[in-house]
Amino acid sequence: MKELYEQLGISSQVYDFGSEIEEHLKERFQAFDKTAEYNQMKVLLAMQKNKVSEECFQSSSGYGYNDYGRDTLEKVYADTFHTEACLVRPQIACGTHALAIALFGNLRPGDELLAPAGKPYDTLEEVIGIRPSKGSLAEYGISYRQVDLLKNGTFDYDSIKKAINEKTRLVAIQRSKGYQTRPSFSVKQIGELIAFVKTIKPDVICMVDNCYGEFVDTIEPSDVGADMMVGSLIKNPGGGLAPIGGYIAGTKECVENASYRMTCPGLGMEVGASLGVNRSFYQGFFMAPMVTKSALKGAVFAANVYERLGFSVVPDSIEPRQDIIQAVTLGTAEGVIAFCKGIQAAAPVDSYVDPEPWDMPGYDSQVIMAAGAFVQGSSIELSADGPMKPPYAVYFQGGLTWEHAKLGVLKSLQKLLDAGLVTLP
Ligand SMILES: *Cc1c(COP(=O)(O)O)cnc(C)c1O
């Protein structure tokens with residue numbers, strides 16, 4: 001084994017250090033195995049209940065009327081997430097698009113959107129119109145209000161109560177911290193927030209951005225009162241196999257409203273050919289609990305490796321996990337670059353290229369990204385990125401297999417070691 005790792009560029013010193021860390025994570029990994037087992041049964045039950053058959057893998061073209069595989073898959077998603085309905089479509093280009101469809105489909109001019117738990121994901125700023133943008137909700141006369149978290153990272157219930165008014169129509173909660181410094185919310189916490197909002201205004205729609213959160217826990221936001229739950233298929237639920245897509249699961253009314261925005265009023269979910277992706281959507285969803293587990297093991301391994309070496313990591317080495325993202329503050333630009341080079345060098349695709357910081361549109365500093373993915377931009381596959389500014393933190397996520405995630409972490413450490421940026425104990 002060690003020899004093979006050596007051929008992959010991992011020194012004996014790094015290998016031994018990693019092995020020692022891994023040895024201490026057995027119990028933690030067993031807990032991830034149990035969650036994955038539970039979720040695997042949940043998905044299997046939904047597939048069996050809906051009589052998934054070979055016919056489901058057939059393709060449709062043109063309008064996509066009567067696409068049996070597509071319609072059955074949406075029932076499988078809905079049953080797994082315990083919702084009345086679900087849209088799962090390749091026409092949904094990415095997570096931001098899915099969220100935009102959910103918002104535009106369920107809000108009307110004069111309504112107000114409330115973010116009760118702080119700023120939403122960066123890309124939603126233009127959807128909402130927080131940053132002025134063509135075609136934003138703001139341009140359609142939908143106002144926006146935000147309540148920030150308290151300093152200790154919990155919900156500011158007093159201010160939320162004050163912020164809810166006669167115009168408040170939809171409340172948007174983001175489960176994962178994304179690229180912010182706040183903690184990610186547990187499903188239980190989200191349930192408490194939803195219950196609070198509903199006691200003040202029972203008919204308000206509660207939407208949860210579930211990106212990076214699917215199958216991390218045995219329950220999902222839809223189990224604790226969310227009317228709508230939204231995510232990307234090139235993250236957890238696509239299982240690494242879906243080549244594109246997004247989903248919106250929730251009440252029949254919310255999902256239908258979203259469908260009129262996804263296609264158009266009158267047509268809704270009746271159209272939208274699956275163009276041959278059905279099989280990968282099914283197989284990806286089937287694999288998703290196991291793939292999410294692998295990514296979680298990789299994240300916890302990274303947290304433990306880098307915490308041991310004295311770096312600040314979020315979440316820390318022992319905290320419970322709510323999503324698959326791991327932040328490591330390396331403190332220097334060289335550290336961020338070396339880490340990303342290691343992740344890239346461990347990839348199955350494009351392992352021979354060196355990532356470099358670049359001026360990415362929409363960011364106020366240079367950004368470096370490492371990804372050698374089968375699906376472009378897929379962040380359920382092993383990937384890392386970091387903005388080139390203090391505190392010089394890198395965000396690490398994904399790994400279709402735990403073994404690959406492990407190699408990625410070891411390789412990142414090797415690059416830091418080779419650059420003289422760390423010393424091993
Ligand atoms: C990834 C992500 C999104 C959507 O991003 P896309 O790149 O458009 O798929 C939204 N919210 C969160 C929390 C995310 O992690």
Side-chain angles (χ1 to χ4, degrees), residues 1-26 28-29 32-33 239-241 287 290-311 313 317 324-328 330 332 334-357 368-386 394-425:
M1 183 78 92
K2 222 166 163 174
E3 257 171 46
L4 199 52
Y5 270 101
E6 208 157 327
Q7 288 177 42
L8 285 155
I10 305 297
S11 67
S12 157
Q13 197 192 7
V14 166
Y15 180 85
D16 289 341
F17 179 72
S19 301
E20 188 206 320
I21 299 269
E22 187 184 348
E23 197 55 36
H24 286 102
L25 293 173
K26 279 194 178 139
R28 200 75 199 282
F29 281 16
F32 291 141
D33 289 339
L241 294 176
M287 295 300 294
M290 295 299 137
V291 170
T292 302
K293 168 184 84 171
S294 299
L296 283 169
K297 288 182 178 177
V300 166
F301 182 62
N304 279 271
V305 163
Y306 283 98
E307 193 177 80
R308 176 81 70 86
L309 296 170
F311 296 98
V313 294
S317 60
I324 63 167
I325 303 179
Q326 180 63 49
V328 181
L330 293 155
T332 60
E334 296 73 31
V336 170
I337 294 170
F339 186 102
C340 288
K341 287 190 172 178
I343 297 298
Q344 187 76 41
V349 182
D350 293 336
S351 63
Y352 54 88
V353 303
D354 249 353
E356 298 284 350
I368 184 166
M369 295 189 154
F374 295 101
V375 171
Q376 186 194 87
S378 165
S379 46
I380 187 62
E381 297 186 52
L382 190 66
S383 46
D385 35 79
V394 72
Y395 297 87
F396 161 90
Q397 66 270 310
L400 296 185
T401 70
W402 144 242
E403 289 76 6
H404 176 220
K406 175 180 168 179
L407 176 68
V409 176
L410 293 179
K411 200 89 184 157
S412 71
L413 177 55
Q414 187 74 55
K415 293 275 184 192
L416 281 155
L417 194 66
D418 293 349
L421 298 164
V422 290
T423 45
L424 295 185

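In this structure, A405 and S294 approach most closely via the heavy-atom pair CB-O, 4.4 Å. Contact detail for A384 and V394: the closest heavy-atom pair is CB-CG2, 4.2 Å. In this structure, A299 and Q326 approach most closely via the heavy-atom pair O-OE1, 3.3 Å. Annotation for E381 and F374: closest pair OE1-N, 2.7 Å, computed over non-hydrogen atoms. The shortest non-hydrogen separation linking V375 to G240 is CG2-O, 4.3 Å.
Under the 4.5 Å side-chain criterion, counting only non-hydrogen atoms from C-beta, F301 is in contact with L410. A 4.5 Å side-chain heavy-atom check between S12 and K2 finds at least one atom pair inside the cut-off. Looking only at side-chain heavy atoms (C-beta outward), H24 and N304 stay at 4.5 Å or farther from each other.
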Derivation and outcome, side-chain contact (heavy atoms from CB on, under 4.5 Å), residues M287 and L241: CA-CA 9 Å; M287 295 300 294; L241 294 176; 4.2 Å; yes
CA sep, side-chain torsions, deciding dist, call: K415, L421, side-chain contact (heavy atoms from CB on, under 4.5 Å): CA-CA 9 Å; K415 293 275 184 192; L421 298 164; over 6 Å; no
Derivation and outcome, side-chain contact (heavy atoms from CB on, under 4.5 Å), residues Y15 and M1: CA-CA 10 Å; Y15 180 85; M1 183 78 92; 3.4 Å; yes
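Judged by distance alone, the side chains of S11 and Q414 do bring a donor and an acceptor atom under 3.5 Å apart.
Note that CZ of F396 and CD1 of I324 are 9.5 Å apart. Values are rounded to the nearest 0.5 Å. Atom CZ of F32 is separated from atom CG of L25 by 9.0 Å, given to the nearest 0.5 angstrom. Distance check, rounded to the nearest 0.5 Å: CG of L416 to NZ of K411 gives 12.5 Å. Atoms CD1 and CG, from I10 and L407 in turn, are 5.5 Å apart once rounded to the nearest 0.5 Å. In this structure, CZ on F29 lies 6.0 Å from CD on E22, to the nearest 0.5 angstrom. Once rounded to the nearest 0.5 Å, the distance linking CG of L400 with CD1 of I380 reads 7.0 Å.
When atom types are taken as modelled, the side chain of R28 and the backbone of S317 share a donor-acceptor pair closer than 3.5 angstrom. Y306 places a side-chain N or O within 3.5 Å of a backbone atom of L413 that can act as its donor or acceptor partner.
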For residues 337-349, please give each side-chain donor-acceptor pair under 3.5 Å, one per line with the distance, not counting sequence neighbours.
| unit_1 | atom_1 | unit_2 | atom_2 | d |
| --- | --- | --- | --- | --- |
| Q344 | OE1 | A371 | N | 3.0 |
| Q344 | NE2 | D350 | O | 2.9 |
| Q344 | NE2 | A371 | O | 3.2 |

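Applying the side-chain hydrogen bond (donor to acceptor under 3.5 Å, both in side chains) test between K297 and each of T401, T292, D33 identifies D33 as the sole match.
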